[in-house]
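Just so it is clear, the structure is predicted and the values come from calculations on it, not from any experiment.
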Amino acid sequence: LLRRIAASDVRVRALSMQKNGGVSRARNAGAAAAHGAWVTFLDADDRLEDGALGDLLAGADDGADIVLGSYTVYFEDGRVQRFDPPAGGRAEAIDSLLRGDSALPSMCARLYRRAFLERTGIHAPQDVRIGEDVLFNLDAFSEARAWRVIPRSVYAYQLRQGGAMGSIRGRHF
């Protein structure tokens, strides 16, 4: 499907890796291959809400290194929970990342300025199986000049028991 889309849209490129090296390796390869001003991430079993990228781009300005929205988790049992970015500055963001109680831990539901990632050398740690998003964002929110929050959910996260996050036990953290 990606190859078919890429063949008809010059903005899309399908990358293939020799072997499965994990989500961090794939995200780092995608970010390194990017040519646009902004980078975003989307997990294979999730989806962007309609108009999400346009709304995120509309929320960007010259001073922001990150633009983010909320995300919504859809549980297998039918429950739905929305996670919003916290209000406040850097200290509140770092605290929220460490608690994991907001939309900040995920690398999805946001745009990162590509030049910012290149300038700071921020990348997803490849030697971490669980929590790589949090480590990435601790670096990103520590180094960002500023970030902007748009007031809507832009990402739909499907939580499945058989998925990576659905099978985690507390001891992994």
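Residues passing the side-chain contact (heavy atoms from CB on, under 4.5 Å) test with T40, sequence neighbours excluded: L53, L111. Listed by chain and number, the residues in a side-chain contact (heavy atoms from CB on, under 4.5 Å) with R3 are A14, S16 (sequence neighbours excluded).
The CG atom of D65 sits 4.0 Å away from atom CZ of R145, with the distance rounded to the nearest 0.5 Å. Atoms NE2 and CZ, from H35 and R11 in turn, are 15.0 Å apart once rounded to the nearest 0.5 Å. Distance CG/D127 to OG/S24: 8.5 Å, rounded to 0.5 Å. The distance from atom CZ of F83 to atom OG1 of T72, rounded to the nearest 0.5 Å, is 9.5 Å. Rounding to the nearest 0.5 Å places OG of S102 at 9.5 Å from CG of D95. The line from CG of L57 to CH2 of W38 is 8.0 Å long, rounded to the nearest 0.5 Å.
A donor-acceptor pair under 3.5 Å is absent between the side-chain atoms of D139 and the main chain of H123, judged by distance alone.
Under 4.0 Å is where a charged nitrogen must lie from a carboxylate oxygen, and between E49 and R47 at least one such pair does. The residues R27 and D43 are annotated as salt-bridged, a charged nitrogen and a carboxylate oxygen being separated by less than 4.0 angstrom.
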Next on the checklist: Run the side chain to side chain contact (heavy atoms under 4.5 Å, CB included) test on L48 and V154 for me, step by step, so that the C-alpha distance in whole Å, both residues' side-chain angles and the decisive distance to 0.1 Å come before the verdict.
Outcome noted: CA-CA 6 Å; L48 291 168; V154 295; 5.5 Å; no
Checklist entry - Between D61 and R148, is a side chain to side chain contact (heavy atoms under 4.5 Å, CB included) present by the stated rule, with each step listed? => result CA-CA 8 Å; D61 64 32; R148 302 291 179 263; 2.6 Å; yes
Checklist entry - Does the pair D55 and R152 meet the rule for a side chain to side chain contact (heavy atoms under 4.5 Å, CB included), with working shown? => result CA-CA 9 Å; D55 288 350; R152 73 167 282 225; 2.4 Å; yes
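Checked by atom type, the side-chain pair S70/R82 shows a donor-acceptor distance below 3.5 Å. Between the side chains of D101 and S96, at least one donor N or O lies within less than 3.5 Å of an accepting N or O.
Under a hydrophobic-cluster definition in which Ile, Leu, Val, Met, Phe, Trp and Tyr are linked whenever side-chain heavy atoms come within less than 4.5 Å, directly or via other members, Y157 and Y74 are assigned to different clusters.
Applying the under-4.5 Å side-chain rule to Ile, Leu, Val, Met, Phe, Trp and Tyr, the cluster around F41 extends to V39, I66, L68, I94, L97, L98, L104, M107, Y112, F116, L117, I122, V128, V134, L135, F136, L138, F141, W147, V149.
Other residues, nucleotides and ligands place more than 12 heavy atoms under 6.0 Å from the CG atom of D77. Residue-environment remark: CG (D9) exceeds the threshold of 12 foreign heavy atoms within 6.0 Å.
When all heavy atoms are compared, the tightest approach of A156 to D46 is O-CB, 3.2 Å. Counting all heavy atoms, side chain and backbone alike, A103 lies closest to R110 at O-NH2, 2.5 Å.
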